[in-house]
Amino acid sequence: MKAALINIGLLASPKGSKALGGLGQSSVTSIKNASVLMEDGVITQVKQGELTAQELAGCEVIDAQGRLVTPGLVDAHTHLVFGGWRAHELEQKLKGVPYLDILKAGGGILSTVKETRESSQEDLVKKAQLALAEMLSLGTTTCEAKSGYGLNLADEIKQLRAARELNAIQPVEVVSTLMAAHALPPEYQQDRRGFLDLIKQEILPKVTEENLAEFCDVFCEEGVFTVEESKELLLFAQQMGLKSKIHADEIMPIGGSELAGELQAVSAEHLIAIRESGIKALRQGGTIACLLPATSFYLDKPFAPARQMINEGVPVAVATDFNPGSCPSLNLQLCMNLACYKYKMQPEEVLCAVTLNAAAAINRADRIGTVEQGKQADLVIWDAPDLAQLCYRFGSNLVATVIKKGQVVVNR
Ligand code: IZC
Ligand code: ZN
């Protein structure tokens with residue numbers, strides 16, 4: 001299967017197979033009047049100018065009509081698979097009840113745990129499939145998906161199996177993370193030790209046996225899991241072959257980002273309340289800062305100090321955090337807008353944050369995240385002439401066409 005993407009007005013992409021920090025984060029390659037050749041789902045040539053008749057022979061031709069083309073977007077942080085929603089908590093939220101207080105009262109994450117436990121794997125697949133179709137139509141071609149709404153062996157496995165099933169039935173690649181340490185389940189409220197042991201002795205072995213996740217994540221937060229508990233679990237998971245991610249400094253800076261650096265976690269998430277010592281640790285640990293601006297927006301919280309992290313050389317990724325509690329949006333374009341307006345990131349930095357750096361945050365930078373020869377042919381044609389327009393218009397879906405593994409999967 002050969003395809004040619006022609007008449008690209010502007011091709012904008014970061015370069016390489018590693019996360020880019022500091023000044024590197026803004027080093028986007030821009031080619032005017034470009035063409036891209038693809039074969040069997042892989043980019044075989046990126047060229048300035050038109051393709052020759054010989055190069056076009058046997059190709060399905062896709063015409064970009066002079067518009068902007070970028071790599072497919074990568075959403076490196078979602079809680080994709082869940083039962084129900086939490087619209088019933090909106091009223092409380094609007095009255096000012098804090099996120100963690102809703103959780104303490106048995107709502108929040110635990111409300112979604114109840115609905116996820118009550119859902120069959122088939123129900124979960126159907127619901128998440130709708131979300132993935134919407135994500136794809138918004139330009140997301142790969143996403144990460146965390147468990148963490150089962151909180152027992154059977155239901156964590158059910159969530160992860162649902163994520164695996166989704167890979168087989170629709171185009172968006174789903175990369176799984178085990179996040180059993182998302183909250184203490186109702187039946188272990190008085191037995192923290194028991195729950196940690198359940199994760200170590202039963203859930204992790206089953207997950208690795210079935211190869212159901214590549215990462216292990218922990219909600220390291222005041223009133224949820226401590227730094228010591230997070231460290232114990234993540235080190236154990238590392239020994240079982242799972243790379244580390246940490247929800248750190250979302251609400252209180254209790255040392256989560258310092259731990260992420262110490263464990264050389266692949267990424268640390270949220271970082272709204274990160275301290276100087278946390279930023280240093282991330283840089284030293286080679287950890288990517290995965291920032292979630294739509295969560296700050298929805299929770300009406302401050303925005304993470306992205307500029308400071310970039311200035312100090314930490315590679316920044318931007319993701320949605322799609323989940324029913326703190327970010328009921330899966331629109332990564334909106335996150336790009338917010339990254340500009342609220343983090344004060346420039347459009348080139350934002351592009352890198354949702355493509356190459358996001359790919360690196362899910363250990364896929366060797367395969368996706370840039371438009372270069374040898375990379376997977378995941379591309380978006382935008383109804384925009386350049387990155388500035390893409391980052392400046394908000395509230396509209398600017399996707400014109402999405403190409404996944406060399407095939408047109410969305411045409412609007
Ligand atoms: O369901 O509330 N922050 N976990 C940590 C979440 C948000 C998801 C949720
Ligand atoms: Zn999250």
Side-chain angles (χ1 to χ4, degrees), residues 75-90 92-93 97-117 119 124 127-128 131 143-151 155-156 159 163 175-186 213 215-225 229-230 244-252 254 256-257 260 265-273 288-302 304 317-330 332 335 358 361-362:
D75 192 343
H77 182 139
T78 86
H79 303 252
L80 172 72
V81 179
F82 56 85
W85 291 93
R86 303 224 289 269
H88 57 273
E89 288 173 1
L90 180 64
Q92 270 180 296
K93 177 189 120 78
V97 183
Y99 172 85
L100 286 179
D101 287 6
I102 296 176
L103 175 61
K104 258 186 236 149
I109 295 173
L110 293 180
S111 140
T112 304
V113 168
K114 184 167 179 291
E115 292 204 72
T116 305
R117 286 179 174 179
S119 305
L124 294 175
K127 185 176 164 80
C143 80
E144 185 253 17
K146 300 174 197 297
S147 70
Y149 295 126
L151 309 188
D155 293 306
E156 284 293 303
Q159 256 192 292
V175 176
S176 283
T177 296
L178 171 71
M179 196 175 177
H182 191 197
L184 215 52
F215 295 92
C216 183
D217 197 339
V218 177
F219 192 9
C220 180
E221 184 60 61
E222 196 162 273
V224 192
F225 292 96
E229 290 165 343
S230 304
S244 303
K245 289 179 174 287
I246 309 183
H247 278 60
D249 303 343
E250 176 177 358
I251 298 155
M252 296 296 287
I254 61 169
S257 44
V266 175
S267 65
E269 330 289 304
H270 288 288
L271 311 176
I272 290 173
I288 296 166
C290 186
L291 307 185
L292 311 167
T295 302
S296 289
F297 174 67
Y298 181 75
L299 292 181
D300 205 8
K301 292 276 179 200
V318 168
T320 61
D321 193 20
F322 175 53
N323 75 77
S326 61
C327 186
S329 169
L330 43 68
L332 195 48
C335 297
I362 53 169

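Counting convention: from 1, in listed order, for ligands and their atoms alike. Residue numbers start at 1 and run along the sequence shown.
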Contact check, side chains of Ile251 and Glu222, non-hydrogen atoms, under 4.5 Å: no
Does a sphere of radius 6.0 Å around NZ in Lys127 hold more than 12 heavy atoms from other residues, nucleotides or ligands, not counting ones at 6.0 Å or beyond? yes
side-chain contact (heavy atoms from CB on, under 4.5 Å) with Glu221: which of Leu100, Ile246, Leu103? Leu100
Kindly indicate, with the supporting measurements, whether the criterion side chain to side chain donor-acceptor pair (under 3.5 Å) is fulfilled by His270 and Asp249. CA-CA 7 Å; His270 288 288; Asp249 303 343; over 6 Å; no
Met179 backbone acceptor or donor facing Ser147 side chain under 3.5 Å: yes
Heavy-atom donor-acceptor pair, Glu156 side chain to Gly150 backbone, under 3.5 Å: yes
Short of 2.8 Å from the Zn ion (ligand 2), name each protein N/O/S atom, waters not counted. His77 NE2, His79 NE2, His247 NE2, Asp321 OD1
Inventory of protein N or O atoms under 3.5 Å from ligand 1 N or O:
| unit_1 | atom_1 | unit_2 | atom_2 | d |
| --- | --- | --- | --- | --- |
| ligand 1 | 1 (O) | Arg86 | NH1 | 3.0 |
| ligand 1 | 1 (O) | Arg86 | NH2 | 3.4 |
| ligand 1 | 1 (O) | Tyr149 | OH | 2.6 |
| ligand 1 | 2 (O) | Arg86 | NH2 | 2.8 |
| ligand 1 | 2 (O) | Tyr99 | OH | 2.5 |
| ligand 1 | 3 (N) | Tyr99 | OH | 3.2 |
| ligand 1 | 3 (N) | Glu250 | OE1 | 3.3 |
| ligand 1 | 4 (N) | Tyr99 | OH | 3.4 |
| ligand 1 | 4 (N) | His182 | NE2 | 2.7 |

NE2 of His79 to CG of Leu330, rounded to nearest 0.5 Å, is 13.0 Å
Donor-acceptor pair, side chain of Gln92 and main chain of Val97, under 3.5 angstrom: no
Would you check if the distance from the ring center of Phe82 to the ring center of Phe322 is below 6.0 Å? yes
